[in-house]
Number of protein chains: 2
Amino acid sequence: MTQERTGAGAAFAPHDHQRCQADALQVAEQRLAAKKARLTPVRRRTLELLLESHRAMGAYEVLERLAAEGYGSQPPVAYRALEFLVQHGLAHRLQRLNAFAACLHPECEHAPAFLICRVCSKLAEVPAGYLQDELGELSQDNGFTIERLTVEAVGLCAGCAKAGAA
Amino acid sequence: MTQERTGAGAAFAPHDHQRCQADALQVAEQRLAAKKARLTPVRRRTLELLLESHRAMGAYEVLERLAAEGYGSQPPVAYRALEFLVQHGLAHRLQRLNAFAACLHPECEHAPAFLICRVCSKLAEVPAGYLQDELGELSQDNGFTIERLTVEAVGLCAGCAKAGAA
DNA sequence: TAATCAATGTAATAAAATAACAAGTCAACC
DNA sequence: GGTTGACTTGTTATTTTATTACATTGATTA
């Protein structure tokens, strides 16, 4: 089961996205309930927006959608909801894109690496725990303690490669 | 010799920084000459600024320094010089910081991982070729081709840890 | 029910990055 | 030596991304 969800190409490959979304939402509800954190309407809606596709969305893109649906229209509205989701492991921040994406396996694995297709902008999350470990060892030798690790790869996904995108 | 320069803690540990700078500049000159790319005054000065410390500098910090020395005072001046250095492998862009840093071993290794101390903001470059390879294999299995990889770890360096920084 | 704390909303601003265009510099060539 | 053409620098203006500060609302609990 973990295997099923952590397959690197999951997001790029065709899959039952309805269920993919529903699962993620359910996990979110459970996790937040357990932590006594509140999945308020804006926060929930923000997560839903991120889950719509496997693309990363900019904060302002999220904001626009939220505003159109009657939520606040100022940047902090989006940034706060996104930050909340990130803090609770339900979304990730992509440094290379100044953007955010829903976490695809919030239940397990907490050291993801991202594969970002530069053509379709979809992204996949692959387990990177072992990368963290390896790098962790190497840096510990030098007295450096890793607290957070960002691994982001930009490239070309199978679909776009096949479609002949340069 | 490669060993000497790629030691992970190089930047954090005390070292002959004068020479460290001089070496980097010399390598830069050679490399650019070989490529027939021009190390103009702004570009050279920008590299020198980045080499002053082992910290990453924001584009606007660089700009301010350049402007104070009589160069142009508008953002493109800094961004262009920095982009040039990055393109030629003489500097790196740190996604997590919106900042730039001089490349510490431009002669070899082209898949660096960064260790960024969140207290003193110094950073070290460690070889990550093997990380790239491992991740590359994993993603290739799924048809994804990595073009550029970003590995940035934020944490605490030995010095700051010892100094009791939280 | 009053007091408190978390969450939302807005206005204003800061910080980071890019686009578009004019002017200058430099090397190579005739 | 002068001219062409590519590269480099500079400026103005604008866009994109992110934060600060403060008022207001809503939920929680003592």
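Within every chain, numbering begins at 1; the chains are lettered A, B, ... in the order of the sequence lines, protein sequences first and strands thereafter. Quick note: numbers below take in every heavy atom, side chains included, and nothing from hydrogens, waters or symmetry partners.
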- Close approaches to DNA chain C from residues 65-72 of chain B, in residue order (heavy atom, under 4.0 Å): none
- Query: Can you find a heavy atom in the side chain of B/Leu49 that is under 4.5 Å from one in the side chain of B/Leu51?
  - Reply: no
- Message: If you compare all heavy atoms of B/Leu156 against all heavy atoms of B/Cys160, which two are closest, and at what distance to 0.1 Å?
- Response: CD1-CB, 4.1 Å
- Salt bridge present between A/Arg65 and A/Glu61 (N-O < 4.0 angstrom): no
- Message: In whole Å, I'd like the distance from the NZ atom of B/Lys36 to the P atom of C/dA27.
- Response: 12 Å
Using atom names, set out every protein N or O paired with an N or O of nucleotides 5-7 of chain D below 3.5 Å, distance rounded to 0.1 Å.
none

- Item | Ionic contact status for B/Arg45 with B/Glu48, cut-off 4.0 Å | yes
- Item | CG on B/Leu63 to CE on B/Met57, rounded to 0.5 Å | 10.5 Å
- Query: Under the ring pair (Phe, Tyr, Trp, His ring centres under 6.0 Å) test, which residues partner A/Tyr71, sequence neighbours left out?
  - Reply: none
- pair A/Arg118-B/Arg148: side-chain heavy atoms closer than 4.5 Å: no
- Euclidean distance, atom NE2 of residue A/His88 to atom C1' of C/dA6 [Å, nearest integer]: 12 Å
- If each end axis of the helix from C/dT1-D/dA30 to C/dC30-D/dG1 is fitted on five C1' pair positions, the angle between them, to 10 degrees, is 20°
- Check whether any side-chain heavy atom of A/His54 lies under 4.5 Å from a side-chain heavy atom of A/Leu123, and answer yes or no. no
- Message: If only side-chain N and O atoms count, and only distance matters, is there a donor-acceptor pair under 3.5 Å linking B/Thr150 with A/Arg96?
- Response: yes
- Task: Round to the nearest Å and state the distance from A/Leu63 atom CG to C/dT10 atom C1'.
- Result: 12 Å
- With under 30° as parallel and over 60° as perpendicular, where do the rings of A/His88 and A/Phe84 fit, or are they tilted in between? tilted
- Quick one: is B/Ser73 getting a side-chain N or O under 4.0 Å of the D/dG10 phosphate, OP1 or OP2? no
- Task: Could you please name the option among C/dT10, D/dT8, C/dA7 that lies closest to any side-chain atom of A/Val77?
- Result: C/dT10
Report, one pair per line, the protein and nucleotides 16-20 of chain C atoms (nitrogen or oxygen only) whose separation is under 3.5 Å.
{"residue": "C/dA16", "atom": "N7", "partner": "B/Tyr60", "partner atom": "OH", "Å": "3.1"}
{"residue": "C/dA17", "atom": "OP1", "partner": "B/Arg93", "partner atom": "NH2", "Å": "3.0"}
{"residue": "C/dA17", "atom": "OP2", "partner": "B/Tyr79", "partner atom": "OH", "Å": "2.7"}
{"residue": "C/dA17", "atom": "O5'", "partner": "B/Tyr79", "partner atom": "OH", "Å": "3.2"}
{"residue": "C/dA17", "atom": "N7", "partner": "B/Tyr60", "partner atom": "OH", "Å": "2.5"}

- Task: Give the rounded distance in Å between these two atoms: CZ of A/Arg96 and P of D/dT17.
- Result: 16 Å
- B/Phe114: what forms a ring pair (Phe, Tyr, Trp, His ring centres under 6.0 Å) with it, not counting sequence neighbours? B/His92
- Note on the structure: note: A/Leu94, atom CG; D/dT16, atom P; distance rounded to Å ~ 19 Å
